[in-house]
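Worksheet: the structure to be examined is printed underneath.
Note that this is a predicted model, so its numbers are computed, not measured. Order of the sequence lines fixes the chain letters, A, B, ..., with proteins taken first and strands second; residue numbering starts at 1 for each chain.
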Amino acid sequence: MSRFWRPGSERPQPSSLSVLEDDEPGFLPFSTLASNSSYGYGGLERHRQRLPVFKYRTAILYLLETHATTIIVGETGSGKTTQIPQYLKEAGWADGGRVVVCTQPRRLAVQTVASRVAEEMDVKLGEEVGYTIRFEDLTKSAVTRIKFLTDGVLLREMMDDPLLSKYSVVMVDEAHERSLSTDMLLGLLKKIQRRRPELRLIISSATIEAKSIAAFFNQSKKKLPASRDFGPSREPAILSVEGRGYDVQIHFLEEPVSNYLQAAVSTVLDIHNQEPMGDVLVFLTGQDDIDAAVQMLTDEAQNLAAHRSGLLVLPLYAGLSRAEQELVFSPTPRGKRKVVIATNIAETSLTLEGMVYVVDSGFSKQRFYNPITDIESLVVAPISKASARQRAGRAGRVRPGKCFRLYTEEYFESEMPLEGIPEMQRSNLVSCVIQLKALGIDNILGFDWLASPSPEGMIRALEVLYSLGILDEDSKLTSPTGFQVAEMPLDPMLSRMIISGSQFGCSEEMIIIAAFLSLQSIWVIGRGTQKELDEAKQGFAVAEGDHITYLNVYKGFLLSGKSSQWCHKNLINYQAMKKVLEIREQLHKLVQRLGLVLKSCGQDTQVVRKAITSGFFAHACRLESSSHGGMYKTIRTSQEVYIHPSSVLFRVTPKWVVYHSLVSTDCQYMRNVIAVDSSWFTELAPHFFQI
DNA sequence: GAGCACTGC
């Protein structure tokens with residue numbers, strides 16, 4: 001532990017953090033949903049009044065009355081998410097058929113918070129208090145007064161009701177996360193505000209982001225129609241609410257380390273040897289790192305076990321099965337110290353109870369998008385101060401904790417960025433652009449963004465949408481194709497593929513394929529050897545490619561009677577297959593509603609591949625050399641790419657292929673590939689393949 | 001012959 005500098009009283013302590021209680025969207029995903037009825041008679045009301053936010057009830061209601069926008073800066077644990085919607089209802093904001101609505105970035109949070117609020121109000125979930133997420137609408141339009149939903153669902157709702165006229169107050173929670181949909185939502189809400197002066201916005205954010213959000217919503221200097229002397233102030237109010245939690249002591253490294261993996265492992269061992277009992281949460285970047293660290297610590301733990309209490313080392317990342325993830329939430333056995341080694345999933349999506357020590361590597365994997373090459377890649381990159389703070393806070397939930405940062409204080413102070421780059425500035429923007437177009441926003445470049453995306457990114461998105469026939473020369477949605485694509489909850493290239501499918505008589509096949517491609521992977525990870533998995537996959541494989549292979553999997557699954565045993569036997573993830581059925585079902589209804597022809601082409605795989613090509617012609621590649629492990633070049637940019645070894649076409653190397661996506665590692669790998677005929681390119685997209 | 005941070009519609 002000597003390598004860490006302990007901030008003393010003579011130097012300013014960087015942070016002392018407070019963290020969340022069980023009232024926030026706390027995300028103990030597998031247990032809390034059904035089991036939080038531990039309050040006696042009258043206990044719930046007392047519990048509500050003890051929350052830090054309760055002191056601010058009057059202030060919040062006053063600010064809401066007098067300001068169009070109120071920004072609540074809240075440490076987690078303040079109770080803002082569950083309480084503010086109730087205060088609003090109690091104060092009459094949900095009277096007269098109006099509805100108070102609150103958004104969350106994640107589905108699980110929506111469900112957890114809604115059921116908690118329903119319990120506190122002693123009403124049945126789905127009546128006065130309801131929620132909406134994809135595939136699940138637990139609201140009753142005439143009855144529901146408080147409604148929770150994901151911000152993505154609210155964006156979709158705007159397509160039918162652009163001014164969100166049902167809602168009196170929109171509360172955007174966790175706005176500091178700056179997800180793509182939150183940023184879009186905030187931009188659109190600002191627009192709506194100008195048309196609906198009576199609408200109130202509450203935006204909840206962590207400290208750092210609050211200022212830029214406040215500046216964004218400040219409309220006091222703008223000229224507004226004759227409302228100068230009445231109505232709410234156009235200048236946002238900011239209110240800080242303290243959280244509830246324990247102090248976390250921060251330790252930095254005295255010298256930088258080159259190998260954060262090794263440093264993390266030895267820090268855990270130091271903690272184990274020198275610190276009192278208490279569980280440890282380690283933040284690393286990804287599956288590889290985590291598996292390696294788990295292995296190293298497990299080996300060490302075996303050496304230690306002979307003479308002292310042991311370590312229980314567990315990995316946590318999204319790719320693990322539900323059962324494996326659940327292990328992390330089980331109570332630590334007596335006399336053991338639990339060490340959870342996690343990705344960013346433990347920073348935002350899941351909250352682990354009982355952590356006393358946090359080890360922060362200072363890195364995470366982040367997605368970046370290059371609009372010039374049109375390639376997305378995952379890169380290990382330094383985290384922001386905001387993230388570091390969030391990670392540290394995970395140590396103070398049940399008692400005072402400690403956070404060991406595997407970087408120096410100098411680095412933290414002078415080099416670590418204050419906040420992360422908003423997703424808007426590191427993503428492919430096609431979906432974003434088409435949604436704005438569908439909402440009638442024609443001047444996308446002039447849209448009032450919270451963080452402007454790069455002009456290159458915008459131009460690339462417009463080009464792609466134009467080449468797909470979704471936008472016309474005036475950059476307006478085409479009819480009917482553009483409007484149909486906008487209604488589909490998919491990547492526009494997949495939507496385009498489905499529409500072609502309906503023209504070619506294979507829409508049934510297209511929606512199945514689209515459902516498969518919406519998931520990460522349908523194959524079980526971790527069970528059995530790679531060889532077994534390859535053999536299982538080979539049972540469905542066809543020379544036409546991965547998409548057609550998925551159709552075979554789907555047929556097999558249906559023939560088995562949607563059996564989980566069948567999935568198990570074939571090393572297929574049963575949960576993923578259920579998801580495929582759900583998405584297919586949703587798309588099926590949608591395609592019918594849009595008036596597209598629903599038809600199956602039977603065994604004709606050529607027409608299926610043609611329909612796919614009509615959506616993905618921009619991903620066409622030609623085999624350059626079969627000797628160098630099958631090197632391909634993209635037609636559009638002459639990028640060197642290879643078929644991913646997980647593809648059924650890995651050994652086949654057809655002359656012409658179309659891929660669904662690229663993964664960038666040492667080289668560019670094409671994932672989900674079909675073999676095509678080059679004559680289809682000029683037939684299906686002549687404008688794109690002029691030469 | 002090798003890989004997948006995390007959400008969401």
Side-chain angles (χ1 to χ4, degrees), chain A residues 25 27 103-110 132-137 149-159 174 177-185 283-291 316-320 342-350 361 363-368 376-381 383 387 420 423 426-427 431-432 434-435 438 485-492 494-495 514-515 518-523 525-526 529-531 533-534 573 579 582-583 586-587 590 629-630 642-647 649-651 653 661-672:
Chain A
F27 330 130
T103 75
Q104 294 290 321
R106 279 168 293 278
R107 300 160 50 102
L108 192 66
V110 169
T132 311
I133 56 180
R134 187 182 190 180
F135 302 127
E136 221 179 323
D137 183 8
L149 35 59
T150 48
D151 36 26
V153 170
L154 191 58
L155 281 176
R156 289 275 155 192
E157 283 192 0
M158 289 173 98
M159 290 183 141
E174 313 280 344
E177 286 190 23
R178 303 296 303 273
S179 73
L180 208 54
S181 38
T182 307
D183 267 25
M184 278 175 69
L185 192 59
F283 285 101
L284 294 180
T285 59
Q287 185 176 344
D288 280 354
D289 273 5
I290 291 171
D291 289 344
L316 177 64
Y317 44 83
L320 293 173
T343 58
N344 254 5
I345 195 171
E347 192 182 308
T348 48
S349 307
L350 303 173
S361 65
F363 289 96
S364 69
K365 276 196 190 173
Q366 292 162 33
R367 185 177 53 202
F368 289 93
E376 276 186 337
S377 47
L378 268 182
V379 207
V380 173
I383 61 168
S387 271
E423 201 182 1
R426 43 187 183 86
S427 303
S431 295
C432 176
I434 196 170
Q435 270 189 298
V485 168
E487 292 246 355
M488 297 193 194
L490 295 170
D491 181 285
L494 286 173
S495 306
S518 304
L519 299 173
Q520 296 249 356
S521 167
I522 56 148
W523 306 100
I525 317 161
T529 64
Q530 195 54 51
K531 194 158 164 264
L533 184 58
D534 283 352
N573 181 340
K579 204 98 202 162
E582 254 183 351
I583 297 174
Q586 185 192 20
L587 295 177
L590 186 61
Y642 297 83
I643 295 182
H644 196 282
S646 67
S647 168
L649 294 186
F650 178 62
R651 277 176 221 286
T653 59
S661 61
L662 284 182
V663 265
S664 331
T665 52
D666 300 337
C667 60
Q668 306 287 342
Y669 280 112
M670 301 182 268
R671 283 185 67 202
N672 293 314

(message) Can you measure A:Met184 atom CE to B:dT7 atom P for me and round it to whole angstrom units?
(response) 20 Å
(message) Assess the residue pair A:Arg134 and A:Ile583 against the criterion (side-chain contact (heavy atoms from CB on, under 4.5 Å)); give the C-alpha distance rounded to whole Å, side-chain angles, the decisive distance to 0.1 Å, and a yes or no.
(response) CA-CA 10 Å; A:Arg134 187 182 190 180; A:Ile583 297 174; 4.0 Å; yes
(message) With a 6.0 Å cut-off (strictly less than), is the heavy-atom count around CD of A:Gln520, excluding the residue itself, greater than 12?
(response) no
(request) Report which part of the nucleic acid A:Leu155 touches: base, sugar-phosphate, or nothing (heavy-atom distance under 4.0 Å, all strands). (result) nothing
(request) For A:Arg107, answer base if it contacts any base atom (sugar-phosphate contacts may also be present), sugar-phosphate if it contacts only those atoms, and nothing otherwise; contact means non-hydrogen atoms under 4.0 Å. (result) sugar-phosphate
(message) Starting the side chain at C-beta, find the nucleotide from B:dC4, B:dA2, B:dC6 nearest to A:Leu378.
(response) B:dC4
(request) Decide yes or no for A:Met670 and A:Leu662: does some side-chain heavy atom of the first lie under 4.5 Å from some side-chain heavy atom of the second? (result) yes
(request) Search all heavy atoms of A:Arg156 against all heavy atoms of A:Pro489 and return the closest pair with its distance. (result) NH2-CA, 3.7 Å
(message) Only Watson-Crick and G-U wobble pairs, only distances under 3.5 Å, only runs of 3 or more: what stems does that leave for DNA chain B?
(response) none
(message) Is there a side-chain contact between A:Thr343 and the phosphate of B:dC6, meaning an N or O under 4.0 Å from OP1 or OP2?
(response) yes
(request) State, with a plain yes or no, whether a side-chain heavy atom of A:Leu490 is found less than 4.5 Å away from one of A:Leu587. (result) yes
(request) Have a look at A:Ile345 and say if it touches a base, only the backbone sugar-phosphate, or nothing, with a 4.0 Å heavy-atom cut-off. (result) sugar-phosphate
(request) Using heavy atoms to find the nearest nucleotide of DNA chain B for A:Ser646 and A:Thr150 separately, return the residue whose nucleotide is more 5′. (result) A:Ser646
(message) A:Tyr317 and side-chain contact (heavy atoms from CB on, under 4.5 Å): which single residue from A:Asp289, A:Asn344, A:Asp291 fits?
(response) A:Asp291
(message) Please pick, from B:dG3, B:dC9, B:dC6, the nucleotide with the shortest atom-to-atom distance to any side-chain atom of A:Arg134.
(response) B:dC9
(message) Please compare A:Gly286 and A:Gln586 by the position of their nearest nucleotide in DNA chain B and report the one closer to 5'.
(response) A:Gly286
